[in-house]
**Student:** 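Quick one: structure below, then a few questions.
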Number of protein chains: 4
Amino acid sequence: MFFSINPTNGLAIFDQIVRQVKFAVASGTLAPGDMVPSVRELAKELAVNPNTVVRAYRDLTSEGILEAVRGTGLNVTEDAVAHCEKERLALLRERIRHVLVEAHSSRLETSEIRELVEEELTRLERTAKGKRGKKGADS
Amino acid sequence: MFFSINPTNGLAIFDQIVRQVKFAVASGTLAPGDMVPSVRELAKELAVNPNTVVRAYRDLTSEGILEAVRGTGLNVTEDAVAHCEKERLALLRERIRHVLVEAHSSRLETSEIRELVEEELTRLERTAKGKRGKKGADS
Amino acid sequence: MFFSINPTNGLAIFDQIVRQVKFAVASGTLAPGDMVPSVRELAKELAVNPNTVVRAYRDLTSEGILEAVRGTGLNVTEDAVAHCEKERLALLRERIRHVLVEAHSSRLETSEIRELVEEELTRLERTAKGKRGKKGADS
Amino acid sequence: MFFSINPTNGLAIFDQIVRQVKFAVASGTLAPGDMVPSVRELAKELAVNPNTVVRAYRDLTSEGILEAVRGTGLNVTEDAVAHCEKERLALLRERIRHVLVEAHSSRLETSEIRELVEEELTRLERTAKGKRGKKGADS
DNA sequence: GTGGTCTAGACCACC
DNA sequence: GTGGTCTAGACCACG
């Protein structure tokens, strides 16, 4: 459904899941009270080991974003929205800063970096449009 | 000297060293025939274990970017420049794309992403100017 | 199992492992999709440090002969066979040439060298037969 | 003059020198009473570090093959011939056996190994003839 | 359980 | 002094 994993991302798989849940909450795709997919279901969908999903859900639970409902599953908490909205930009900003710092320390001019970013951003938009035009899209 | 390690940027230390050597070659900071800092020296400077530097240098050697001169050290090969110039953009582009893809999949609008990048880029420029204005400061 | 280390043959241990994996692939003893022994297992079997095996496996991985399957182990790639078949003869030929060159430069006649080789080859055959005749014996 | 170094031989440089001196003695190229080249001279000729030659000569001296003549240099001892003649075959045989063992353990048939050796031996003869035809020859 | 990374420190060959 | 190799043992992420 809304998650997609890229194993060569630099991010650990469980971390990608954690972040994507947070992003989904921040963007309203996942609302308080909604259930997240079961561990098995998500593990199958993403073709990862169930324990990896367990790990991600455990982290989210201990951060108060998910809560266990006995015998039912995990659902998004009330507090989650505020928490995730704040965190979304921070998480992204952090990664963006890291890569920009590296680009800068490689002695690329700011303008060259900006150009690189624009190129990739444009390519991304084009891809996104293409997918939207069709139907579902995955990574 | 010209290398700096950031333990929280998601990249393995040896990989950061590898990339920084490549960037230094690409930008001309390190020219063919130049010697890279000795294993022990760099290890001390970066406060990492010598074996971590050995690992990075070995990888660079097997990529043909460095070559060992028995008993004297490692120097940058003639081929290195072409190799690194090509690779610099590819390496950076790769990381940039990954973070942009994540930002996009978090349902941020392209304009919002662009804004985030601009903010960080501006902050980066300001920091850089600041440093230049003073004297040497390091990360 | 199929690997054996000889600490006095002039080759580094990790290199002997690398070569033996390649040879096993070239000879079909190890087929694409097969898992190589785990780092810890092989280290124990050869009585070497696990890191030495790690080093060998890493080299093989970066040559595209092995690939890591997260959390399960390393397996032989599809490409490995072609790669290793070509390399087997090259690796052996290289070593053979070196020793023949030395023998020749020691002013031995070609016929004398040939004789030496034949003697050792015969002894090798006899030993091999002996082993086959019994049961398993190792070096 | 009669020595040549191959840095990619698998053998350490000092060891190549040691062996070549022994071979020269065994073949009569160097006779008891003959002086070996001075450390400086040989180091320059082979383009290696003088300390490497010192190391080789030290080993040879402690084996009783060379002896120091105060203020003159090093010369070949009386005992050297017998010693070296015996050792020549042993040294070569040892290396030959190592490579044959490896070839055999790579599951090459004896006939295939023999073929490989013959090919390289033939190539060696051809090269040697070529050189002899001309004048001096180097590695 | 698996491999990946890192630290710590040893010995060797070579300059 | 240099790099190369090996040992020993730790921690992490993933299955």
Side-chain angles (χ1 to χ4, degrees), chain A residues 5 7 10-17 39 43 46-56 59, chain B residues 5 7 10-17 35-43 46-62 66-75, chain C residues 5 7 10-17 35-43 46-62 66-75, chain D residues 5 7 10-18 43 46-56 59:
Chain A
I5 290 304
L11 266 52
I13 293 177
F14 83 86
D15 205 25
Q16 294 184 48
I17 298 175
V39 168
L46 301 179
V48 302
N49 188 292
N51 280 333
T52 305
V53 179
V54 167
R55 162 73 189 277
D59 286 11
Chain B
I5 290 305
L11 269 51
I13 295 176
F14 81 85
D15 205 24
Q16 295 184 47
I17 298 175
M35 308 274 296
V36 290
S38 82
V39 169
R40 293 160 171 84
E41 188 187 337
L42 186 54
L46 299 179
V48 300
N49 187 286
N51 276 336
T52 303
V53 179
V54 165
R55 162 75 188 275
Y57 280 0
R58 178 156 38 79
D59 285 10
L60 287 162
T61 304
S62 72
L66 299 182
E67 62 186 352
V69 182
R70 305 262 287 221
T72 59
L74 296 164
N75 64 36
Chain C
I5 289 305
L11 269 53
I13 295 177
F14 81 86
D15 204 24
Q16 294 184 49
I17 299 175
M35 309 275 295
V36 290
S38 81
V39 168
R40 293 161 172 81
E41 188 186 336
L42 186 53
L46 300 179
V48 301
N49 187 286
N51 276 336
T52 304
V53 179
V54 165
R55 162 76 189 275
Y57 280 0
R58 178 156 37 77
D59 284 11
L60 286 162
T61 304
S62 73
L66 299 182
E67 63 187 351
V69 182
R70 303 264 285 222
T72 58
L74 296 164
N75 64 37
Chain D
I5 290 303
L11 266 52
I13 293 176
F14 82 87
D15 203 24
Q16 294 184 48
I17 298 175
V18 166
L46 300 178
V48 302
N49 188 294
N51 280 333
T52 304
V53 178
V54 167
R55 163 73 188 275
D59 287 10

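To find a chain, count down the sequence lines: A is the first, B the second, and so on, and within it residues start at 1.
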**Student:** Which part of the nucleic acid, if any, lies within contact of V48(D), taking any heavy atom under 4.0 Å across all strands shown: a base, the sugar-phosphate backbone alone, or nothing?
**Tutor:**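 If one applies the 4.0 Å heavy-atom cut-off, V48(D) turns out to touch nothing in the nucleic acid.
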**Student:** Kindly compute the distance separating CD (Q16(A)) from CG (L11(A)), expressed to the nearest 0.5 Å.
**Tutor:**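 Answer rounded to 0.5 Å: 5.5 Å.
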**Student:** Backbone N or O of L74(C) within a donor-acceptor pair of the E67(C) side chain at under 3.5 Å?
**Tutor:**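 No; zero donor-acceptor contacts below 3.5 Å.
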**Student:** What is the distance, rounded to the nearest whole Å, between atom CD1 of I17(D) and atom P of dA13(E)?
**Tutor:**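 Spelled out: CD1 on I17(D) to P on dA13(E) is 14 Å.
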**Student:** Toward the 5' end of DNA chain F, which comes first, N49(C) or V69(B), by nearest nucleotide?
**Tutor:**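 Mapping each residue to its closest nucleotide by heavy atoms, the 5'-most match is V69(B).
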**Student:** Counting only Watson-Crick or G-U wobble pairs whose two distances fall under 3.5 Å, which nucleotide matches dC14(F)?
**Tutor:**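 Across all strands, the one nucleotide that pairs with dC14(F) is dG1(E).
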**Student:** Does dT7(F) have OP1 or OP2 under 4.0 Å away from a side-chain N or O of T52(C)?
**Tutor:**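 Answer yes for this pair, as a side-chain N or O of T52(C) is under 4.0 Å from OP1 or OP2.
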**Student:** In whole angstroms, how far is the P atom of dG3(E) from the CG atom of N75(C)?
**Tutor:**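 So the two atoms are 11 Å apart, to the nearest Å.
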**Student:** What's Y57(C) touching, base or sugar-phosphate or nothing? Going by heavy atoms closer than 4.0 Å.
**Tutor:**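 No contact.
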**Student:** Over how many whole Å does the gap from F14(D) atom CZ to dA13(E) atom C1' extend?
**Tutor:**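 After rounding, the gap between these two atoms is 7 Å.
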**Student:** If only side-chain N and O atoms of R55(C) are considered, is one of them under 4.0 Å from the OP1 or OP2 phosphate oxygen of dC6(F)?
**Tutor:**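 For dC6(F), OP1/OP2 do not have a side-chain N/O of R55(C) under 4.0 Å.
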**Student:** Measure from CD1 on I13(C) to P on dC11(E) and round the result to the nearest Å.
**Tutor:**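 The answer, rounded to whole Å, is 16 Å.
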**Student:** Can you work out whether V36(C) or A47(D) has the more 5'-proximal nearest nucleotide on DNA chain E?
**Tutor:**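 The 5'-side residue here is V36(C).
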**Student:** Looking at dG4(F), dC6(E), dG3(E), which one has an atom nearest to any side-chain atom of A68(B)?
**Tutor:**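 Of dG4(F), dC6(E), dG3(E), dG4(F) is nearest to the side chain of A68(B).
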**Student:** Quick one: is S38(B) getting a side-chain N or O under 4.0 Å of the dT2(F) phosphate, OP1 or OP2?
**Tutor:**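 Checking S38(B) against dT2(F): at least one side-chain N or O falls below 4.0 Å of OP1 or OP2.
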**Student:** Distance check needed: dG3(F) C1' versus E67(B) CD, whole Å only.
**Tutor:**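 From E67(B) CD to dG3(F) C1': 14 Å.
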**Student:** Let me know the distance between CG of D59(B) and P of dT5(F), rounded to the nearest Å.
**Tutor:**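 Distance, rounded to whole Å: 13 Å.
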**Student:** Rounding to an integer number of Å, can you tell me how far N51(B) CG sits from dG4(F) P?
**Tutor:**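 Answer to the nearest Å: 11 Å.
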**Student:** Taking any heavy-atom pair under 4.0 Å as a contact, classify D15(D): base, sugar-phosphate, or nothing.
**Tutor:**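 Since no nucleic acid heavy atom lies under 4.0 Å of D15(D), the category is nothing.
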**Student:** From CZ of R58(B) over to P of dG3(F), roughly how many Å is that when rounded to an integer?
**Tutor:**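 Taking atom P of dG3(F) as the reference, CZ of R58(B) is at 14 Å.
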**Student:** Is a donor on one side and an acceptor on the other found under 3.5 Å between the side chain of T52(D) and the backbone of V48(D)?
**Tutor:**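 Not a single qualifying donor-acceptor pair exists.
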**Student:** Would you call Y57(B) and S38(B) a side-chain contact if the rule is heavy atoms closer than 4.5 Å?
**Tutor:**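 No, their side chains stay 4.5 Å or more apart.
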**Student:** A12(B) or T72(C): which one's nearest nucleotide on DNA chain E is closer to the 5' end?
**Tutor:**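 The residue whose closest nucleotide sits nearer the 5' end is T72(C).
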**Student:** Return yes if the base of dG3(F) and the side-chain atoms of R40(B) contain a donor-acceptor N/O pair under 3.5 Å, otherwise no.
**Tutor:**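 Flag set: donor-acceptor pair detected.
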**Student:** From L46(B) CG over to I17(B) CD1, what is the distance, rounded to the nearest 0.5 angstrom?
**Tutor:**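 Between atom CG of L46(B) and atom CD1 of I17(B) there are 5.5 Å.
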